[in-house]
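The structure appears below as structure tokens.
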Amino acid sequence: MSTTSSLASKRIETLLDESSFVEIGALVTARATDFNLKQTETPSDGVVTGYGVINGNLVYVYSQDASVLNGSVGEMHAKKIIHLYDLAMKTGAPVIGLIDSAGLRLQEATDALNAFGEIYLKQTLASGVVPQITAVFGSCGGGLALIPALTDFTFMESTKAKLFVNSPNALDGNNISKCDSSSADFQSKESGMIDAVADEAAIYAKIRELVTMLPGNNEDDASVTECTDNLNRVCADLANCVGDTSIALSTIADNQIFFETKENYAKDMVTGFIKLNGITIGCVANRTEVYNADGEIGEKFAPVLSVKGCEKAADFIQFCDAFQIPVLSLTNVKGYEATVDSEKHIAKAVAKLTYAFANATVPKVNVVIGKAYGSAYVAMNSKAIGADFTIAWADAEIGSMDANLAAKIMYDGQGADVIKEKAAEYAALQTSAMGAAKRGYVDQIIEAADTRKYVIGAFEMLYTKREARPSKKHGTV
């Protein structure tokens, strides 16, 4: 049990299973004595560290104590976090950081700077080895902002949390009353770092749910659970979910549970985790509609790949591949975002998405649920870039472009009747799911309602997949 009763330790005890927290390094204090630190009490040097369990899963946790020098990071503060990372990598368990800190401890100067660097190094070494999760409850500014940026998942408290590299008032032409760039609202919508914004209690619940979805490390998969849902459950209304694929993923998931990541960022691309037959699956899906709590369409998007959407999906796929989590994609895309601003970055972003899908060696299943046109479709986990199994709904459209547009280009000037006739012919031969299946680009054509059982079957078939790749240190995309 913890020997302290600070808010920092209470946060840990609230997060973990009851009475499971064991504190490490409770007696550590600051070594520095400059600038009156000798007269200042620094219990636990401003960070509570230790281990415990979440639903029986071992986790390591550190929680910064803002009542001790504002939770600032100094030499011994960092050593405690580094020691926690060493233990996590040795035992293969996630690290969870609860952030509430003024940042660099100015009294320790270069020792504090070195401490930041040592934490960054440990986070880098742990990346892809154990999952890393952070929750920001107070201030997280300057160099401290790199800590959540180096982790896999980050949550922010909705009212008190502040996350920034440069404070809002330090940005050219800005002040905090004009745009609070440190707020949870701004960071969750603009930075691509934040998975969810909520109050503290909801954040603890989300972290607990996420931990039960994830393997403890990149080698031992303890995330498989017994499935209590019907494996052959028919999803009668699934065809109506083409627009909002977060609902589609919830519908096909075991017990209809979908954990969405980066839920407020690049909403045209959905990412998150479900379980199918008790196995955690990472999901990537195009989205054209977002329904609100009243069941009404709140936002609409074109069926295109955007810069932010591609980057969001690529990062998620790389996480899944690192931790041996199979990937499911739901494809409904016609092309690319077309603005002057997006044109600066879209090619690189789509290349990053393509690379992530193609480079991943985990089982990959693609379900074409709507339109799948052109190279945008190719980038969305097509068979051409390595999807192991491709399924299409019966009314899906797969081809180089819309049939009417293709007919207008090929039969320009030949009259509306000819173009209509040729468009119908082109649709049957070149843009139908059946046409793609005849060429071997689709493995199964199914009714939308049967998606759950066919996707489960595909992943069961691929469970023992092994795939060798050329020997190299790493790619460069």
Side-chain angles (χ1 to χ4, degrees), residues 149 152-154 185-197 241-250 258-274 281-291 297-321 325 327-360 364-382 384-387 396 477:
D152 302 306
F153 304 97
T154 301
D185 184 67
F186 179 91
Q187 287 293 330
S188 66
K189 293 176 181 177
E190 302 296 334
S191 75
M193 278 175 54
I194 308 305
D195 290 282
V197 173
C241 303
V242 172
D244 195 339
T245 44
S246 65
I247 298 175
L249 292 168
S250 298
F258 171 49
F259 187 95
E260 187 171 355
T261 60
K262 294 181 174 45
E263 58 189 20
N264 294 326
Y265 180 74
K267 292 183 180 180
D268 56 292
M269 186 72 80
V270 178
T271 58
F273 301 103
I274 64 175
I281 305 292
C283 304
V284 176
N286 307 118
R287 176 163 57 186
T288 58
E289 297 170 343
V290 179
Y291 282 82
I297 297 176
E299 296 178 77
K300 298 193 75 172
F301 310 100
V304 297
L305 295 179
S306 68
V307 173
K308 290 182 177 179
C310 288
E311 292 173 345
K312 170 181 172 178
D315 289 343
F316 180 79
I317 295 161
Q318 288 181 323
F319 173 85
C320 291
D321 191 47
I325 299 171
V327 173
L328 168 67
S329 56
L330 303 184
T331 298
N332 178 28
V333 66
K334 291 176 63 176
Y336 306 114
E337 181 182 16
T339 67
V340 172
D341 189 57
S342 68
E343 194 62 19
K344 302 172 186 176
H345 310 287
I346 191 69
K348 186 66 176 177
V350 177
K352 187 176 179 181
L353 175 65
T354 304
Y355 180 87
F357 272 127
N359 191 55
K364 294 173 288 188
V365 174
N366 185 29
V367 182
V368 182
I369 63 172
K371 293 176 171 58
Y373 287 150
S375 56
Y377 156 60
V378 174
M380 270 298 297
N381 196 26
S382 67
I385 62 169
V477 176

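Numbers for residues simply follow the sequence, beginning at 1. Small disclaimer: the values here were computed from a predicted structure and weren't measured. Side-chain atoms are counted along with the backbone in the values below, which use heavy atoms only and exclude waters and symmetry mates.
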Sequence neighbours excluded, which residues qualify as ring pair (Phe, Tyr, Trp, His ring centres under 6.0 Å) partners of F357?
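Residues passing ring pair (Phe, Tyr, Trp, His ring centres under 6.0 Å) with F357: none at all.
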Partners of F301 by ring pair (Phe, Tyr, Trp, His ring centres under 6.0 Å), sequence neighbours excluded?
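Partners of F301 under the ring pair (Phe, Tyr, Trp, His ring centres under 6.0 Å) test: none.
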Which pairs, with at least one residue in residues 301-315 and sequence neighbours excluded, count as a salt bridge (charged side-chain N to carboxylate O under 4.0 Å, His left out)?
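Found E190-K308, D315-K352.
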In Å and rounded to the nearest 0.5 Å, what is the [atom1] to [atom2] distance from [X] to [Y]?
| X | Y | atom1 | atom2 | result |
| --- | --- | --- | --- | --- |
| I346 | L305 | CD1 | CG | 6.5 Å |
| Q187 | T154 | CD | OG1 | 10.0 Å |
| K300 | T288 | NZ | OG1 | 7.5 Å |
| T271 | I317 | OG1 | CD1 | 9.5 Å |
| L328 | N381 | CG | CG | 8.5 Å |
| K262 | F316 | NZ | CZ | 9.5 Å |

For [X] versus [Y], what's the shortest heavy-atom pair and its separation?
| X | Y | result |
| --- | --- | --- |
| G335 | A376 | O-CB, 3.5 Å |
| S188 | I194 | CA-CB, 3.7 Å |
| S306 | D268 | OG-OD2, 2.7 Å |
| L249 | A285 | CD1-CB, 4.3 Å |
| S250 | F258 | OG-CB, 3.3 Å |
| C310 | A349 | CB-O, 3.4 Å |

Side chain proximity check, [X] to [Y], heavy atoms < 4.5 angstrom:
| X | Y | result |
| --- | --- | --- |
| L330 | N286 | no |
| V378 | I385 | yes |
| Y291 | I297 | yes |

So, Y336 and S342: side-chain donor and acceptor under 3.5 Å apart, yes or no?
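Not at all, the side chains of Y336 and S342 share no donor-acceptor pair under 3.5 Å.
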Report the C-alpha distance between V368 and Y377 in whole Å, list the side-chain angles of each, state the deciding distance to 0.1 Å, and finish with yes or no for side chain to side chain contact (heavy atoms under 4.5 Å, CB included).
CA-CA 9 Å; V368 182; Y377 156 60; 4.2 Å; yes
Give the ring-plane orientation class for F273 versus F319, where under 30° counts as parallel, over 60° as perpendicular and anything between as tilted.
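Perpendicular.
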Mind checking what makes salt bridge (Lys or Arg N to Asp or Glu O under 4.0 Å) contact with D244, not counting sequence neighbours?
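Only R287 meet the salt bridge (Lys or Arg N to Asp or Glu O under 4.0 Å) criterion with D244.
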Partners passing salt bridge (Lys or Arg N to Asp or Glu O under 4.0 Å) against E299 (at least two apart in sequence or in another chain):
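With sequence neighbours excluded, E299 shows a salt bridge (Lys or Arg N to Asp or Glu O under 4.0 Å) to K267, given in chain and number order.
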For M380 and L353, run side chain to side chain contact (heavy atoms under 4.5 Å, CB included): C-alpha distance rounded to whole Å, both residues' side-chain angles, the deciding distance at 0.1 Å, then the answer.
CA-CA 8 Å; M380 270 298 297; L353 175 65; 4.2 Å; yes
Residue list, side chain to side chain contact (heavy atoms under 4.5 Å, CB included) with K348, at least two apart or on another chain:
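Expected list: none.
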Could you walk me through whether V365 and I281 pass side chain to side chain contact (heavy atoms under 4.5 Å, CB included), step by step?
CA-CA 10 Å; V365 174; I281 305 292; over 6 Å; no
